[in-house]
Colleague: 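Mind having a look at this structure? Questions to follow.
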Amino acid sequence: EPGAAVPAGQKGSWTSFLKAIASFSGDLSSLTAPPFILSPVSLTEFPAYWCERPELFAAISSGKNEEERALLVLKWFISTLKGQYSSRNEKMGSEKKPLNPVLGEVFFGTWPDRDGRGETRLIVEQVSHHPPVTAYHIQNASKGVTLQGHSAQKTSFSGGSIVVKQIGHAILDVKLESGVSEKYLITLPTLNIQGVWLGSPYTELGGSSVIQSSSGWNASIEYKGKGYFSGKVHSFKATLSHPHSHHHPHVVEGQWSTTSTPKTNISSSRVLERNGCFTDVNGPKEEVTVKSIEEQGPWESRNLWKVVSAGIRTGDFDTAAKDKSRIENEQRQRRKDEREAGTSWDLLYFDHVDEDPIYEKLAAMGQIVPATEDGYILKDAPLPHPPR
Ligand code: HCR
């Protein structure tokens, strides 16, 4: 029955929301959704999902050769998917609509040094408001592992589910002891948000994504839901090959939400879990450590949204809506002032490049389309935030 999971008083607004999505494609962030589906978390927090298993991120540079490092990158990547795509269902009961970040909103965090893995730091900046684009930089300096990327979405409606094409890419940089940097281009899968008629949305992945290394190793990952190659939700099959290798490619199959196993001979103890799995995300993950709200500046996400988030969490939606309008009006006013003054907003932590040279080089190696993409690169020294 449509709307079965929608609270009684919100069925009408849920239907209107779905109609708005169906008749419209592109930027879903501006549509108003009923309270039951709102998340108190801003999209600027999402890049933290890349590092919730910091030991796997740190371990990448411990690989003893190109092949082993490519396997460690694939293992880390697959192990992030559960957090990225199904943690809202686990924490909040369904997929939810995140808070739409404002231009210049930032989110900082760390994963402390523990068991010799080194400290990892996260810097996120909202670099566009409409359409929303989020840039991020995650670095474990002591292990020489850095991930830099940006994320945007293009939404459409098809066959009863919301299809979210991901725009953007990430570049992983692994600094080797020799001083040479190995690079990996990571492209992103397409999301299929199912269960929307019922009002209990969850994300399934579809299509494919790739990880192309400057060493030549190429991982191609295919995503399927229930009823395809395994009959199980959240399934994937990854094939890791090198154009000059005479060996058979490595093949890994399983579920990104639980475990996966190698289908070919991988003997390295650095790569496999103790139980022989390639990935096993049944154990706990480690959320990013963030300063308390009192210690945060006015542009830091949890501080900026604190009244809205508290309203959503406690069910005080009037207060949430009022403060959300205040934030949005302030944004509109800033853009208006800029237009009148003939100025524009400066990015604070990142520089935008129209053509990311590392993307181009790796895309050419892996025959990835498009051949070129824009990118965001961390500045040597950030600009200060204007007052708020
Ligand atoms: C599509 C989505 C916003 C974007 C979220 C992204 C793609 C952001 C980058 C992360 O690395 C991975 C990621 C995970 C999320 O699954 C994805 C969100 C899921 C829902 C949300 C929509 C804008 C909300 C649609 C409203 C629904 C719940 C009815």
Colleague: Going by the angle between their ring planes, with limits at 30° and 60°, are H242 and H244 parallel, tilted or perpendicular?
Modeller: tilted
Colleague: Do the non-hydrogen side-chain atoms of W299 and V106 ever get within less than 4.5 Å of each other?
Modeller: yes
Colleague: Consider only side-chain N and O atoms of N329 and R326, and report whether a donor and an acceptor are under 3.5 Å apart.
Modeller: no
Colleague: Can you find a pair of side-chain heavy atoms, one from K226 and one from E204, that are under 4.5 Å apart?
Modeller: no
Colleague: Quick check: are there more than 12 heavy atoms from other residues, nucleotides or ligands sitting under 6.0 Å from NZ of K379?
Modeller: yes
Colleague: Consider only side-chain heavy atoms of I, L, V, M, F, W and Y, link residues closer than 4.5 Å, and tell whether V210 and V73 are in one cluster.
Modeller: no
Colleague: Which residue, I186, I78, L185, forms the side chain to side chain contact (heavy atoms under 4.5 Å, CB included) with I211?
Modeller: I186
Colleague: What are the two closest heavy atoms between V196 and L18, and how far apart are they?
Modeller: O-CD1, 3.8 Å
Colleague: Taking atom types as modelled, is there a side-chain donor on Q194 or S161 under 3.5 Å from an acceptor on the other?
Modeller: no
Colleague: Which pair of heavy atoms, one from L99 and one from P40, lies closest together, and at what distance?
Modeller: CD1-O, 3.4 Å
Colleague: Less than 6.0 Å separating the ring centroids of Y359 and H169?
Modeller: yes
Colleague: Indicate if F17 and W197 have the same hydrophobic cluster label, given that clusters are the connected sets of ILVMFWY residues with side-chain heavy-atom separations under 4.5 angstrom.
Modeller: yes
Colleague: For E182 and S215, does a side-chain donor sit closer than 3.5 Å to a side-chain acceptor?
Modeller: no
Colleague: What is the ring orientation for H385 with W345, classed by angle as parallel under 30°, tilted 30 to 60°, or perpendicular over 60°?
Modeller: tilted
Colleague: Check K237 with E222, please: is the shortest side-chain N to carboxylate O separation under 4.0 Å?
Modeller: no
Colleague: So if you build clusters from Ile, Leu, Val, Met, Phe, Trp, Tyr with side-chain heavy-atom gaps below 4.5 Å, do V174 and L378 land together?
Modeller: no
Colleague: What verdict does the side chain to side chain donor-acceptor pair (under 3.5 Å) test give for T190 and N192, after you've listed the backbone C-alpha separation in whole Å, the side-chain angles of each residue and the deciding distance to 0.1 Å?
Modeller: CA-CA 7 Å; T190 296; N192 239 288; over 6 Å; no
Colleague: Do L147 and Y136 have side chains that get closer than 4.5 Å, going by heavy atoms?
Modeller: yes
Colleague: Any side-chain donor paired with an acceptor under 3.5 Å for T44 and T134?
Modeller: no
Colleague: Tell me whether E286 is salt-bridged to R117, with the criterion being a basic N under 4.0 Å from an acidic carboxylate O.
Modeller: yes
Colleague: Of all heavy-atom pairs between E68 and S268, which one has the smallest distance, and what is that distance?
Modeller: OE2-OG, 3.0 Å
Colleague: Do other residues, nucleotides or ligands put more than 12 heavy atoms under 6.0 Å from E55 CD?
Modeller: yes
Colleague: Is there a path of hydrophobic side-chain contacts, each under 4.5 Å between heavy atoms of I/L/V/M/F/W/Y residues, joining L81 to L74?
Modeller: yes
Colleague: Using the rule side chain to side chain contact (heavy atoms under 4.5 Å, CB included), only one of I138, L122, L56 pairs with C51; which is it?
Modeller: I138
Colleague: Do S86 and S257 have side-chain N/O donor and acceptor atoms under 3.5 Å apart?
Modeller: no
Colleague: Between T187 and S209, what is the shortest heavy-atom contact and its length?
Modeller: O-CB, 3.3 Å
Colleague: Looking at W217 and A70, what are the two nearest heavy atoms and their distance?
Modeller: CB-CB, 3.6 Å
Colleague: Could you check whether S13 and Q10, counting side-chain N and O atoms only, form a donor-acceptor pair closer than 3.5 Å?
Modeller: no
Colleague: List for me each residue that meets side chain to side chain contact (heavy atoms under 4.5 Å, CB included) alongside N303, sequence neighbours excluded, and say none if there are none.
Modeller: I293, Q296, K306
Colleague: Is the shortest side-chain heavy-atom distance between P34 and V6 below 4.5 Å?
Modeller: no
Colleague: Decide if the gap between the ring center of F57 and the ring center of W50 is smaller than 6.0 angstrom.
Modeller: no
Colleague: Are F236 and F77 near enough that their ring centres are under 6.0 Å apart?
Modeller: no
Colleague: Is there a side-chain contact between H234 and K82 in this structure, where contact means two heavy atoms from C-beta onward sitting under 4.5 Å apart?
Modeller: no
Colleague: When you compare the side chains of Q255 and S235, does any donor N or O come within less than 3.5 Å of an acceptor on the partner?
Modeller: no
Colleague: Just wondering, more than 12 heavy atoms not from K97 lying within 6.0 Å of its NZ?
Modeller: yes
Colleague: Which atom pair, heavy atoms only, marks the closest approach of K324 to V308?
Modeller: N-CG2, 3.6 Å
Colleague: Does some side-chain heavy atom of R302 sit less than 4.5 Å from a side-chain heavy atom of F107?
Modeller: yes
Colleague: Does E66 pair with R69 as a salt bridge, N-O distance under 4.0 Å?
Modeller: no
Colleague: Is the closest side-chain heavy-atom distance between P132 and D27 below 4.5 Å?
Modeller: yes
Colleague: Is the shortest side-chain N to carboxylate O distance from E338 to R334 below 4.0 Å?
Modeller: no
Colleague: Would L172 and L362 show up in the same hydrophobic cluster when neighbours are defined by side-chain heavy atoms closer than 4.5 Å?
Modeller: no
Colleague: Please tell me if the side chains of Q148 and D173 come closer than 4.5 Å, counting only heavy atoms from C-beta onward.
Modeller: no
Colleague: Which word best sums up how the rings of H150 and Y376 line up, parallel for under 30°, tilted for 30 to 60°, or perpendicular for over 60°?
Modeller: perpendicular
Colleague: Between the side chains of Y85 and W256, is a donor N or O closer than 3.5 angstrom to an acceptor N or O?
Modeller: no
